[in-house]
Structure formats: structure tokens, C-alpha cells
Amino acid sequence: MHGRLVWWILAFGSCWPIALMPGFGVCRQLLEYIEAKGAADAQALAKALKCAPEVVVGAIKSIQTFENVINVAEVKQQLWQFTKDGQDALQKGSPEVRLMSVIPAEGIAASDLEASPVYKGLGDAAKPSIGQAMKNKWIAIDKSSGAVAYVRKVTEVPDETQKVLAQLQKDPSGKSTDDKVLKDLKKRKLVEQKSVTTYNVTKGSAFTTTLRKGEADLTADMLADGSWKSKDFKPFNLAADGVPVSRGTLHPLLKVREEYRQIFLEMGFEEMPTSRFVESSFWNFDALFQPQQHPARDAHDTFFMTAPETSASFPADYEERVKNTHENGGGYESIGYQYNWERSEAEKNLLRTHTTAVSARMLYKLAQQKPFKPVKYFSIDRVFRNETLDATHLAEFHQIEGVIADYNLTLGDLMGTLHNFFTRLGIHDLRFKPAYNPYTEPSMEVFSYHAGLDKVVEIGNSGMFRPEMLRPMGLPEDVVVIAWGLSVERPTMIKYGYSNIRDLIGPKVDLTAAQSAPLVRL
Ligand code: PHE
């Protein structure tokens with residue numbers, strides 16, 4: 001067979017230590033060898049290239065990166081290999097023959113034999129070599145002196161063992177050696193059978209002895225000067241991983257925000273303008289019928305501004321109605337909180353503590369438009385609270401809020417809307433618990449069973465805005481406003497499996513986290 005090279009080598013698997021990667025020189029020599037000899041055996045090649053078998057495997061793998069230069073077939077074979085003792089036997093003679101060199105015709109005491117350097121040099125093969133010499137009838141045991149001694153029975157000791165080992169070295173498949181002999185050599189631990197990988201290398205359709213490194217890129221210059229025509233190009237490796245593209249990525253919070261926004265838009269809600277982080281106490285609290293002594297209005301819970309410290313103007317008539325409602329119910333079938341409302345409290349600027357401040361502004365604006373038109377509003381933005389920071393609380397977070405203003409809405413409308421909203425998020429099993437907000441009555445906390453966490457978790461807060469909040473704004477008496485709110489962080493943490501909020505947002509966030517976050521969580 002022309003150009004066929006069969007050779008064997010221990011299989012090293014496909015991973016190749018870079019340090020042993022053969023250079024181009026070895027590859028060229030190998031190819032020239034195939035070119036010249038057509039066919040050769042393994043040892044001849046290894047000898048010819050004067051390099052370790054691993055280097056030859058490396059050369060083959062390198063050549064294979066050039067298309068069709070060589071064909072390589074991998075064949076697994078069971079081959080006989082020499083143990084250390086086997087190699088010694090091949091080179092220095094079998095253990096039994098070497099043993100004979102210290103056994104004279106007149107005999108040697110066992111103790112003297114064991115003390116001899118030759119015997120010691122045989123190592124593990126020493127003791128079995130006595131048995132072998134006995135079996136060959138080369139020696140006999142003599143106990144006439146009382147102690148054990150060995151006497152020599154023959155003059156010539158032809159080394160049959162060495163002969164068969166030499167034969168096995170020539171043909172490691174063992175085919176030209178008698179099975180019984182092989183069994184015996186194996187039992188004597190001179191040889192062992194190993195599974196080895198053989199590579200059959202043949203010339204490929206594009207065989208060459210001069211490998212040229214192909215161009216990796218087709219450049220604009222090559223196109224311009226026409227040099228691409230005479231160049232060899234490397235084949236595309238379509239299985240290679242691409243270089244990661246440097247790009248912007250949506251943070252999980254932004255993805256979740258977008259999901260909520262889509263749901264609101266599908267449900268026909270309009271987004272409220274939420275760009276005002278700094279708000280007056282008036283819009284954040286007073287407009288929401290939150291009394292001026294309410295603990296939330298303490299610096300422990302709210303960040304107050306130092307500059308600008310106050311806001312000066314609120315719609316004058318509205319401010320008057322808010323004041324009256326706080327003080328005595330303002331004539332809206334309420335007795336209010338029965339205290340003196342101070343304008344100075346309402347003027348204090350703060351970082352808004354909830355997006356309901358935005359809803360209050362929007363509802364007031366709505367009330368000024370006559371005639372009243374029903375609306376559905378939503379907002380998603382940042383709020384601030386002077387919280388004790390821990391694994392699930394930060395001083396700033398994001399709120400989602402939905403508001404519907406229409407005639408004669410009922411608690412059933414609120415519950416139905418919440419079902420509709422949360423069903424779109426894949427949350428079905430809602431539970432409601434009575435709650436308290438200064439601005440809603442009734443108020444309900446919303447819970448749901450979370451299969452992943454295997455517990456019932458709070459997912460939001462809701463309620464029907466009190467007349468004490470809506471009537472001063474000027475909304476018609478039969479207009480009811482239902483609303484609900486939830487944080488963005490909590491569902492994001494549950495959805496993306498964050499247990500510490502600081503891994504999600506803030507200075508300790510790993511900058512690559514957003515890039516490596518899953519595109520989709522099902
Ligand atoms: N503003 C409430 C909060 O901060 C949420 C809420 C919004 C409650 C609307 C009822 C109605 O938690």
C-alpha cells in the first residue's frame with residue numbers, strides 16, 4: 001500500500017501538553033519520511049525522527065489541522081509490553097541464566113547464593129529464577145551437608161527466555177509467539193498486555209511535505225492588492241467559541257422592571273412621570289392623609305433634605321382642604337385626626353419614601369380636569385427609606401404601583417385586578433390579609449404560595465384610597481380609586497435566586513453579574 005505508515009504508540013488521549021507540542025520541524029521530517037519510505041513501521045519512524053512517541057502524536061495532530069494532508073485512522077490494539085524485569089531480561093539475559101553464573105558444578109550454599117551481588121541484582125525476579133532453573137533441570141538441591149545447597153547439572157544454559165522476549169519485541173502483538181509461552185512470561189511478570197492506540201497514517205488527497213501556515217483572516221489589504229488570490233486560508237473552525245462580544249446588558253432589575261411595564265401596558269395602564277426623587281412632605285405624606293405625628297415622618301424612617309430644606313408652595317385651596325381634613329375631617333363624613341396641622345411640617349423636603357407620592361400628584365392633577373375621566377396609571381421607580389441595612393433591605397429600592405380611578409369601584413374590583421395582574425406574572429394562588437395604611441381603607445396585604453421557596457410570601461400591599469385623600473383633591477364623590485404596590489427587588493431576588501440584596505444592587509455588585517445573568521428564567 002503506497003504511502004501507508006503503520007506505527008504504534010501509547011495513547012495519550014486527545015489533550016496534549018503544550019510544552020510537548022512539536023514544532024514545524026518535526027512535522028516536516030515526518031511528512032518527508034512518509035514521502036520517502038512510503039511505508040514504514042513504528043520503531044523505524046520513532047528512530048528516524050529521534051523523538052519521543054508523544055512528540056510524534058503531537059506532530060500528527062498538528063498536521064491534521066491542515067486539511068487532507070494526511071489521513072489518520074485510530075485503531076485500538078492489545079499489545080505486549082515489557083516490565084522492568086522483562087526489559088532487564090531482554091538486555092542482560094533472563095534471570096535464570098544470570099543466576100547460573102554464580103552456581104558452580106560443585107554447588108553453592110543457599111546462604112552464599114543469596115548473599116551474592118548477582119542474586120541481589122535480580123531483585124524480585126531472584127527467587128522465581130531458582131524455580132525456573134530447577135524446572136529447566138539446570139540445578140538440583142543438595143542437602144547432604146545438612147544445609148540447603150544448589151548444584152549445577154548442565155554446562156550450557158541457552159537463554160530461551162531472552163529469545164522469546166526478543167521475538168515479542170519484534171512483534172508485540174504476540175501473534176508470532178506461542179500462547180503458552182506468553183502466559184508463562186506474563187506469570188513471571190516479565191511482560192504485560194496493554195491496550196494501546198495505533199494510528200494508521202496515510203497520505204491525504206492534499207499530501208505535501210511543505211506545510212504552509214494558512215492565513216487566518218481575509219484583510220482589506222489583501223482584497224485591495226489582489227494578494228488573496230495566491231494565499232492559502234485556514235479553514236473556518238465553526239465549532240470554536242467566539243470572542244465574547246463587549247456589549248451592554250440589562251441588569252436583572254431592569255429585566256424585571258420591563259416585564260412589569262409590559263404587563264401594565266397590556267392591561268391598558270399609562271405610565272406616570274416618576275423623575276422627582278426629592279419630594280415635599282406635603283405630597284409624600286399630607287396629601288395621603290398621613291398625620292404629621294405619624295412615626296414614618298420621623299428622621300429614623302425618612303431621609304429629610306438639608307438643601308433645599310423646604311418646599312414653599314402647594315395649590316392654596318387644596319392645601320387648605322388637606323389641612324381641614326387632617327384637623328376635623330373637612331366635612332367629608334370624617335372627624336379627621338383632631339390636631340393642629342402645621343404648614344412647616346408639610347414644607348419639609350425629603351427623598352420620597354414611596355411612589356404613592358407620585359400617584360397623589362397625578363390624582364390631584366386628574367381631579368382638576370373636568371369632567372372626570374376614568375384612568376389607569378402605573379409607575380416603576382426608586383424610593384428611599386432610612387432602613388437598617390441587612391441581607392434583604394437597602395436604604396433605596398424600587399416600587400411598582402398600579403392605580404385605577406373610576407366610578408363606584410369595589411373591593412371586588414381591586415381583588416379581580418390583582419388576580420389579573422399577578423396571573424400575568426404566573427402567580428395564581430393569591431391570599432389577602434387585612435392591613436393598615438393611613439391612606440387606604442380597606443387595606444390588604446397580598447400573599448402567594450411560592451413553590452420554589454416552599455412557603456407563603458408577601459408579594460404586595462393594596463387598598464382603596466380613603467375619601468379623606470380623594471375628596472380634598474376635588475374628585476367626584478362617587479369616584480373610587482383602587483391601588484396596589486410592590487417592590488421590584490423582592491420578586492427579582494426570588495426569580496434570579498439572589499439571597500443577598502447587596503449582590504443585586506449597590507457597590508458590592510460584581511460588574512460581570514449582569515452579563516452572566518440568565519437571559520430567561522423559566
Ligand atoms: N405605598 C405603599 C407602600 O409603600 C404601597 C401601596 C400602594 C399601598 C398603593 C396601597 C396602595 O408600601
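Source: prediction; values computed, not measured. Order of listing sets the numbers, starting from 1, for every ligand and every atom in it.
- Partners of D232 under the side-chain contact (heavy atoms from CB on, under 4.5 Å) rule, at least two apart in sequence or in another chain, are R212.
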Sub-3.5 Å pairs, protein N or O with ligand 1 N or O:
unit_1	atom_1	unit_2	atom_2	d
ligand 1	1 (N)	H354	ND1	3.3
ligand 1	1 (N)	T356	OG1	2.7
ligand 1	1 (N)	Y439	OH	2.9
ligand 1	4 (O)	R385	NH2	2.8
ligand 1	4 (O)	Q399	NE2	3.0

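- Legend: residues meeting ring pair (Phe, Tyr, Trp, His ring centres under 6.0 Å) with H354, ordered by chain and number and at least two apart, are Y439.
- Contact of the R257 side chain with the L253 side chain is not registered, since no non-hydrogen atoms from C-beta on lie closer than 4.5 Å.
- Shown here are the side-chain contact (heavy atoms from CB on, under 4.5 Å) partners of L250, two or more places apart in sequence or in another chain: L254, K255.
- Looking at heavy atoms from C-beta onward, M464 lies out of side-chain contact with T440 at the 4.5 angstrom threshold.
- Of the options V201, L30, V26, a side chain to side chain contact (heavy atoms under 4.5 Å, CB included) to V56 is made by L30 and by none of the others.
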